Amino acid sequence: MDNRSIANLLIETADLLEIAAGDPFRVRSYRRAAEAVESTTLQLGRLAAEEPKKLLEISGIGKGMAANILEIEKAGTLPLREELLAKYKPSMLELLKLPGMGPKSVALFWETLQVCDIDGLEAAIEAGKLEDLPRMGAKAADKLKKGIAEYRKNSGRFHLDDAEIAAEKIAGYLLAYPGIDRVTPAGSLRRGRETVGDLDLLATGPVCEEDKVAPAVDYMAAYPPIASLIAKGANKVSFRLSSGLQVDVRLLPEVSYGAALQYFTGSKMHNVSVRQRALKRGYTLSEYALAKVEDGSFVAGATEEEIYSALGMDWIAPELRENNGELEAALEQRLPELIELGDIRGDVHMHTVMTDGRNTLREMAEAALAKGYSYIAITDHSKNLAMTNGLDDQRALEHIARIREIDKEFSEIQNSSNRQQIRVFAGIEVDILGAGELDLSDEVLAQMDVVIASVHTLFNQPLEEMTARVLRAIENPYVRILGHPTGRMLLRREAYQIDMARVLKAAASAGAAVEHNANPNRLDLSDRDLRMAKEAGCKIVVNTDAHHTSEMENMRYGIRQLRRAWLTKADVLNTLDADEFIKNLRPKPENQRQNACVLRHFRVF
DNA sequence: GCCGTTTTCGGCCCGACTGTTTTCAGTCG
């Protein structure tokens, strides 16, 4: 079993244990173990089979947890989880996903109302049964009702990274079959949408020709992780994985691969529009080929490029295929040259063991160097995030001193060898408090290269109040970057209400940058927000907010979103080299004052 | 259930916010 699945079982056990009012520290140890399992680079499945003693070397995994992991490998589950599931219901784990719903409420509803699933909860709310319960009232019921609506809107969709990992595994399996030489994800995954409803995969190769594809289809249908087979056709297999993700795999001959890719990539509106244009030119486009209307003769089909080209268009990057003007641009050869992963020179939002990160300052710098970045900023949390051991003024100053040392050391390494240079900037992610003030002093912030101001709490504030708070924070001249300004957290909860247009305008006029968080599981901007930011003239920075060296890899997902917003290299600040980046971040106030002096000087004389 | 030790048991990131209370439990980050 892969690490993520093992971790999920441990998390489920922790959730159930919490509902059962088990020892909170025991619960935490299950969660810690799950985190350790997920972040280790070791393959636990293989380790458990070959060298089980090595499991104990992982921090957070002791004797009991190692036994649990061995049991998971052997039986696919662990005894405690089974025991708890016999007492409670699996659907309670889903109830926990509702915003505002925790283990105590799940237990309460089960014990008093025998409610164990979302439908049951909804019925209980409608019947007004919740309000008789202790600590429950009209407002709480209303909140849950909204939570249910939000959950239903998003359920069944998966984060881009989860879909991509699943796609890579299936592609690996298919490519191991002799005679299949290309597998490409299509659909919303290929378009880079931040959530994916189901997975479309296209495969081709010599064995995918119409008359000999059957054995390859059988092979696909025998993919071991399949939880349930939905359909098996002549060249198509549909199935569901245990995560609930539905996958459609199509095996297609090479001659029509491009047409199929174009067709299954969508979006629907883009395809409708392309076909209308094809018809005007006397062509008809299907998933098999672009053909002449008059006699059905083949025009193009093997690649997307030849299809778009036959229609007089440049090839359109999948991220742009939303019928948002990309066809017109393609016809007039004015499609933007979209930003690429390789354009990014630095990642300026990351955490270390000083607060809630999992790696040290040095490890983060080494990892960034290995990735070829020319700079990073270490931006640990400030004190208001007490759970992360956030830095107060004093510790922040010590933090800066340590970063300066590492920065010096890494530039010396560069001088004494041929290694590439990396700059390490000192930074902080400060909290925007209730009145818009920050939780560290200006004296300390002034010494930072990168100050990111973020809202971490206060989710239920009215729009006006929340907007005012963020606007006030931007007024602080030391705020260089506005962190996750929308508070939008996909699949988990509603965004907090904020007037983005005003915030972006204020950031643009103050010269502060806005951040796009590349981590698919965190707070970020939508492609609409990103387009708005560009239009407002905002500087944009894309960061991974890495809490672990491996999370730096998430940059590629962030880039997909930037591409969907039609952004180019010139639109994104951290494509600049280190010196230019710092120069273009919001200038420090002392520089602004200097500038003001110079201006006055000119006026007088 | 893990960890570390002042070795075999005691401690385990903590503070803000909300909606219910009328002093606090539950949830969240």
Side-chain angles (χ1 to χ4, degrees), chain A residues 10-11 13-37 55-71 78-81 84 95-109 130-147 351-358 380-392 395 429-435 437 439 454-462 465-466 469 483-484 487 489 492-494 496 517 519 521-523 545 547:
Chain A
L10 295 175
I11 290 169
T13 308
D15 285 344
L16 288 164
L17 206 50
E18 227 174 351
I19 293 171
D23 174 11
F25 295 109
R26 194 177 172 207
V27 171
R28 188 188 294 172
S29 79
Y30 273 85
R31 292 198 197 285
R32 275 181 53 93
E35 274 177 41
V37 164
L55 289 173
L56 294 171
E57 289 175 17
I58 301 168
S59 171
I61 294 179
K63 255 174 132 180
M65 214 50 83
N68 280 334
I69 292 171
L70 289 177
E71 186 62 26
L78 65 167
L80 180 60
R81 175 171 171 273
L84 289 164
L95 267 184
L96 274 179
K97 292 180 185 164
L98 296 175
M101 195 74 172
K104 292 289 190 300
S105 307
V106 171
L108 177 71
F109 295 155
L130 252 56
E131 290 167 38
D132 303 333
L133 298 179
R135 311 206 145 270
M136 285 291 153
K139 274 194 176 172
D142 195 50
K143 205 170 141 188
L144 282 173
K145 206 171 142 183
K146 281 186 184 149
H351 300 270
T352 69
V353 290
M354 280 305 289
T355 60
D356 59 347
R358 307 211 140 254
D380 272 306
H381 288 290
S382 55
K383 64 183 179 192
N384 194 45
L385 249 66
M387 67 164 299
T388 70
N389 190 23
L391 308 177
D392 58 17
R395 286 178 65 221
E429 183 180 18
V430 281
D431 249 34
I432 301 176
L433 301 178
E437 76 276 23
D439 67 337
S454 307
V455 175
H456 283 101
T457 50
L458 309 170
F459 273 87
N460 294 321
Q461 297 300 309
E465 210 161 308
M466 186 57 100
R469 280 171 181 176
H484 44 73
M489 201 160 207
R492 281 190 52 194
R493 68 188 311 165
E494 239 173 317
Y496 54 65
N517 195 325
N519 188 325
N521 297 303
R522 297 235 177 83
L523 305 148
D545 188 5
H547 286 63

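Nothing here was measured: the structure is a model prediction, and the numbers come from that model. Hydrogens, waters and symmetry mates are skipped; everything else that's a heavy atom, side chains included, is used. Just so it is clear: chains get the letters A, B, ... in the order the sequence lines come, proteins before strands, and each one is counted from 1.
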For nucleotides [N] and [M], find the distance between their [atom1] atoms and express it as a whole number of Å.
N      : M      : atom1 : answer
B:dG26 : B:dT21 : P     : 13 Å
B:dT27 : B:dT20 : P     : 14 Å
B:dT8  : B:dG1  : C1'   : 15 Å
B:dG10 : B:dT6  : C1'   : 12 Å
B:dA16 : B:dG11 : P     : 24 Å
B:dT23 : B:dC17 : C1'   : 16 Å
B:dT5  : B:dC13 : P     : 15 Å

Problem set entry | Those residues of residues 102-109 of chain A lying under 4.0 Å from DNA chain B by at least one heavy atom |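 The answer is A:Gly102, A:Pro103, A:Lys104, A:Ser105.
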
What's [X] touching, base or sugar-phosphate or nothing? Going by heavy atoms closer than 4.0 Å.
X        : answer
A:Asn68  : nothing
A:Arg28  : sugar-phosphate
A:Ala138 : sugar-phosphate
A:Ser59  : sugar-phosphate

Starting at atom [atom1] of [X], determine the distance to atom [atom2] of [N], rounded to an integer number of angstrom.
X        : N      : atom1 : atom2 : value
A:Lys143 : B:dC17 : NZ    : P     : 14 Å
A:Leu84  : B:dG1  : CG    : P     : 11 Å
A:Leu56  : B:dC3  : CG    : C1'   : 13 Å
A:Glu35  : B:dC13 : CD    : C1'   : 12 Å
A:Leu78  : B:dG1  : CG    : C1'   : 12 Å
A:Met466 : B:dC17 : CE    : P     : 11 Å
A:Ile58  : B:dC3  : CD1   : C1'   : 16 Å
A:Leu133 : B:dG26 : CG    : P     : 13 Å

For this session: Please figure out whether A:Leu385 or A:Ala66 has its closest DNA chain B nucleotide nearer the 5' end.
Result: A:Ala66

Problem set entry | Residue whose closest nucleotide on DNA chain B lies nearer the 5' end, A:Pro134 versus A:Gly100 |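 Of the two residues, A:Pro134 wins.
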
Has the side chain of [X] got a donor or acceptor atom that lies under 3.5 Å from a matching backbone atom of [Y]?
X        : Y        : value
A:Asn519 : A:Asn521 : yes
A:Ser454 : A:His484 : no
A:Asp439 : A:Asn384 : yes

Problem set entry | Working for side chain to side chain contact (heavy atoms under 4.5 Å, CB included), residues A:Arg81 and A:Glu71 | CA-CA 11 Å; A:Arg81 175 171 171 273; A:Glu71 186 62 26; over 6 Å; no

Output the single nucleotide from [options] whose closest atom is nearest the side chain of [X].
X        : options               : result
A:Asp23  : B:dA16, B:dG19, B:dG1 : B:dG1
A:His456 : B:dC2, B:dA25, B:dG29 : B:dG29
A:Ala386 : B:dG19, B:dG1, B:dG15 : B:dG15

Exercise. If we only count heavy atoms from C-beta on, is the A:Leu385 to A:Thr355 side-chain gap below 4.5 Å?
Worked result: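 No, too far: nothing below the 4.5 Å cut-off.
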
Problem set entry | Side-chain donor-acceptor contact under 3.5 Å, A:Thr352 with A:Asp380 |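 Yes - a donor-acceptor pair under 3.5 Å links their side chains.
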
For this session: Return no unless some side-chain N or O of A:Arg135 is found under 4.0 Å from OP1 or OP2 of B:dT20.
Result: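 For B:dT20, neither OP1 nor OP2 has a side-chain N or O of A:Arg135 closer than 4.0 Å.
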
For this session: Mind telling me whether A:His381 and A:His547 have parallel, tilted or perpendicular rings, with 30° and 60° as the class edges?
Result: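 Geometry flag for A:His381 against A:His547: tilted rings.
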
Problem set entry | Minimum heavy-atom distance A:Thr13-A:Leu84, with the two atoms named | O-CD1, 4.1 Å

Exercise. Which atom names give the shortest non-hydrogen contact between A:Ile58 and A:Ala36, and what distance separates them?
Worked result: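 The pair with the smallest heavy-atom distance is CG2-CB, 4.0 Å.
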
Exercise. If pairing requires Watson-Crick or G-U wobble contacts with both distances under 3.5 Å, which nucleotide is the partner of B:dT8?
Worked result: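 Paired with no nucleotide.
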
